[in-house]
2 protein chains.
Amino acid sequence: MIRRKGLTSVELAKLAGVSSATISRAFSNDPAIKPETRERVLALAAEHGFRPNAMARSLNNSRSRLVALVVNTVANPAEAEGLDLLIHRLQERELMPLLLCCANHEDRGHLMRIASTYQVDHVVLYSDAVSVDDALDIFRSATLIVASSEPLEGRDLFDVRLDASAATAQIVDHLVGQGRRHFVYLSGRASSHIDKQRMRWFADALERHGMAFEIVEHGDYSYESGYKEAVLLLRRLRPDVLVCANDLMAIGAQDAATLLGLKIGADLAIVGHDGVSLSNWDSHSITTVMPPHGVISDALIELIERPPTAPPEQHVVNCIVRWRQSTGPAPR
Amino acid sequence: MIRRKGLTSVELAKLAGVSSATISRAFSNDPAIKPETRERVLALAAEHGFRPNAMARSLNNSRSRLVALVVNTVANPAEAEGLDLLIHRLQERELMPLLLCCANHEDRGHLMRIASTYQVDHVVLYSDAVSVDDALDIFRSATLIVASSEPLEGRDLFDVRLDASAATAQIVDHLVGQGRRHFVYLSGRASSHIDKQRMRWFADALERHGMAFEIVEHGDYSYESGYKEAVLLLRRLRPDVLVCANDLMAIGAQDAATLLGLKIGADLAIVGHDGVSLSNWDSHSITTVMPPHGVISDALIELIERPPTAPPEQHVVNCIVRWRQSTGPAPR
DNA sequence: TCTAACAATGTACACGCTTACATTTTCACG
DNA sequence: CGTGAAAATGTAAGCGTGTACATTGTTAGA
């Protein structure tokens, strides 16, 4: 296996009988180049397998076309299913995703510092893996784009904020309309921003009916914890609605409830969050509050493509409801 | 938000009263530098937030510390759960993963060509997303590392090959020992290399008992197809063992079998592949043939860290069995 | 035919770092 | 105290592009 280095623009220039500047112009769609020359250069380049060196290129125009994606882990479908779409969109635009997986990584700062070394143009904070301030501090010369449901008041950032208030209200209205009165929220990690938000949205929606809900704080986002906590709380509290911090816990809870002889969608309604694809299996069809991944990705891309001089901009994206069997017959 | 560019090594040199070469040496662990100077430079660098520009660095030593990871999609846990570990290992070594998601991407060649532009040091073909030849052709100056279960005879590549023959044999022996005789394999995509391999391993294991199995070729790796095909085939063939091309289908099949009144692990044994975490839920505990992600990642890292002059090397990694309830009581 | 304006290309330097080589400093030892 | 080797640092030439500016070629209008 011979590892030959590709040729450079000067070498190709020699072969084409032009200067390296012309090579550069051929590849950068410069209108100053004669179309025929362009064609000739590109043909020759293709023939010899020449492609401009992105390192050298970004060294002097300081645009790397690299986008750092800061996530927790790709092993979690709730994150990965949206991420996959975003990566796809980036690739369509010939932007290169640099993935930073922060879960299990003690020193996230170090991780980001290394990434910043590559002169990334944009940083997308795709999960709550790191704080906005840390990221701002480290990625000084990149534009930071935050995707979160945490309200970042007055921060003047580029951000796409998820809002599930409407979706949550729809579900609550529907369930209250079914005559349900006893709501319980099973938390994943009560201290997490996303969990706090979700509880707040539920509280608001219930309050409009003059109602409240109880919180069980012992979950950890896993199937097992959903199962275990559901067994305990169903015996103790006897709710007719169980809202779970994520779909995995909702599925675990459903299995537990079934085991206890409850009829899902009738005796007990179950609601999940995230809308992961497995919430829609026949075995456990979970009504869930889902972030619209396509809309989010589009908004993020829009922020990424904004000219660097443009002022910070905020998008608010509304979550949607996936009606499934765990809340009985769907409305309308 | 002020986007100030960081300072350069010459500027820092000026501040430190040294030359830019000394700065470079301080950051590259060059033994030729006096420890105290090194400390002084690093302290000053930290103070001013200086970090060397990776683009400029790799431009002249042609080592980018970038690793291209060619995968299908991160949305599929079977891929993502192993990938997550590999990314973690890379990050520990200060190597940057450049993710190429090929599923849904018509022109994978183009994707790879762009990535190659960034002078990646290594390319890991982590799934069957693209052919080895295409990758070799495009990433001329990087070393290619292939992770697959497809035997690449005589290709003289760096590769980590999965072998499930022993694991498969263990399962088959166990099931035959339980008195089971009628084996059916539900395929995901019969044309895929991985599926062909898995069928071959099963064929071999059964052959040693003088037995064979039937193949149902209508699956597509989804829960739904597992469910649907299982309903059809269980009525038609009445097997006592159903081997599925992946865990999702196995779970679907289990739901179908349960619906038909079969007792899983007794009337019917079900076997999956991939060992995704959700194969271990209480609701559907599936015995599965699992690639040891840790071992695979270690092997890949070892190949990545091999000096560029080293000759190609092959690792064979044995899959392991996760005994669950879908095959009845575990052996021993 | 001459000139001005424009189109197309070439020239040369900058981007921020590494590194071979040159130079200076240090230090041990006679 | 002088000498030479070793240690530490400085100098300068790239690495492969993009791009401002200079240069050449072309065409229109008078």
Side-chain angles (χ1 to χ4, degrees), chain A residues 4-42 44-45 48-66 94 114 116-121 140-142, chain B residues 4-42 44-45 48-66 114 116-121 140-141:
Chain A
R4 46 173 160 174
K5 293 190 57 96
L7 31 65
T8 74
S9 63
V10 251
E11 292 170 327
L12 188 72
K14 212 153 288 170
L15 289 174
V18 298
S19 80
S20 76
T22 300
I23 306 292
S24 171
R25 284 191 267 259
F27 276 90
S28 55
N29 283 34
D30 192 322
I33 196 178
K34 183 152 59 171
E36 302 124 56
T37 325
R38 207 182 101 91
E39 294 311 318
R40 198 162 54 81
V41 167
L42 292 184
L44 201 69
H48 290 265
F50 168 83
R51 255 155 305 137
N53 183 323
M55 296 302 201
R57 173 184 298 216
S58 48
L59 179 56
N60 65 3
N61 68 4
S62 44
R63 270 169 286 129
S64 64
R65 302 194 70 77
L66 289 174
E94 311 203 342
I114 294 174
S116 77
T117 272
Y118 288 87
Q119 315 300 112
V120 299
D121 293 339
R140 279 249 163 273
S141 55
Chain B
R4 48 174 158 169
K5 292 191 58 96
L7 30 66
T8 73
S9 63
V10 247
E11 291 170 327
L12 187 72
K14 210 153 290 169
L15 289 173
V18 298
S19 79
S20 75
T22 301
I23 306 292
S24 170
R25 284 191 267 257
F27 275 91
S28 54
N29 281 35
D30 192 322
I33 196 178
K34 182 154 58 172
E36 302 123 57
T37 327
R38 206 183 102 92
E39 295 311 319
R40 198 163 53 83
V41 167
L42 291 184
L44 202 70
H48 291 265
F50 168 83
R51 256 154 304 136
N53 183 322
M55 296 302 202
R57 171 183 296 212
S58 48
L59 180 57
N60 61 9
N61 68 6
S62 41
R63 269 169 287 129
S64 63
R65 302 194 70 79
L66 289 174
I114 294 172
S116 78
T117 272
Y118 288 86
Q119 316 301 112
V120 298
D121 293 339
R140 279 248 163 273
S141 56

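In what follows, chains are A, B, ... by sequence order, proteins preceding strands, each numbered from 1. Reckoned from all heavy atoms, side chains included, excluding hydrogens, waters and symmetry mates.
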In whole Å, I'd like the distance from the [atom1] atom of [X] to the [atom2] atom of [N].
| X | N | atom1 | atom2 | result |
| --- | --- | --- | --- | --- |
| Asn53(B) | dC15(D) | CG | C1' | 13 Å |
| Leu12(B) | dT18(C) | CG | C1' | 16 Å |
| Gln119(B) | dG16(D) | CD | P | 9 Å |
| Ile23(B) | dT18(C) | CD1 | P | 10 Å |

Note to self: Check the phosphate of dC17(C) against Arg63(B), side-chain N and O only, distance under 4.0 Å to OP1 or OP2. Yes or no?
What the structure shows: no
Show me the side-chain donor-acceptor pairs of residues 54-61 of chain A shorter than 3.5 Å, one per line, residues at least two apart or across chains.
unit_1	atom_1	unit_2	atom_2	d
Ser58(A)	OG	Ala54(A)	O	2.7
Ser58(A)	OG	Met55(A)	O	3.4
Asn61(A)	OD1	Arg63(A)	N	3.1

Note to self: Counting C-beta onward and ignoring hydrogens, is there a side-chain heavy-atom pair between Phe50(A) and Glu11(A) closer than 4.5 Å?
What the structure shows: no
Check: When you measure from the side chain of Asn60(A), which nucleotide among dT19(D), dT17(D), dT19(C) comes out closest?
Finding: dT17(D)
Notebook entry, point to check: When every nucleotide of nucleotides 7-13 of chain C is labelled 5' to 3' by its protein contacts under 4.0 Å (heavy atoms), B for base, S for sugar-phosphate only, - for none, what sequence of letters results?
Noted result: -SBBB--
Check: What residues form a side chain to side chain donor-acceptor pair (under 3.5 Å) with Arg40(B), not counting sequence neighbours?
Finding: none
Tabulate below the donor-acceptor pairs under 3.5 Å that side-chain atoms of residues 24-33 of chain A make, not counting sequence neighbours, or state none.
unit_1	atom_1	unit_2	atom_2	d
Ser28(A)	OG	Ser24(A)	O	2.9
Asn29(A)	OD1	Arg38(A)	NH1	3.2
Asp30(A)	OD1	Ala32(A)	N	2.8

Can you pull every protein N or O that's under 3.5 Å from an N or O on nucleotides 22-28 of chain D?
none

Check nucleotides 4-6 of chain C for protein N or O atoms closer than 3.5 Å to its own N or O atoms and list the pairs.
none

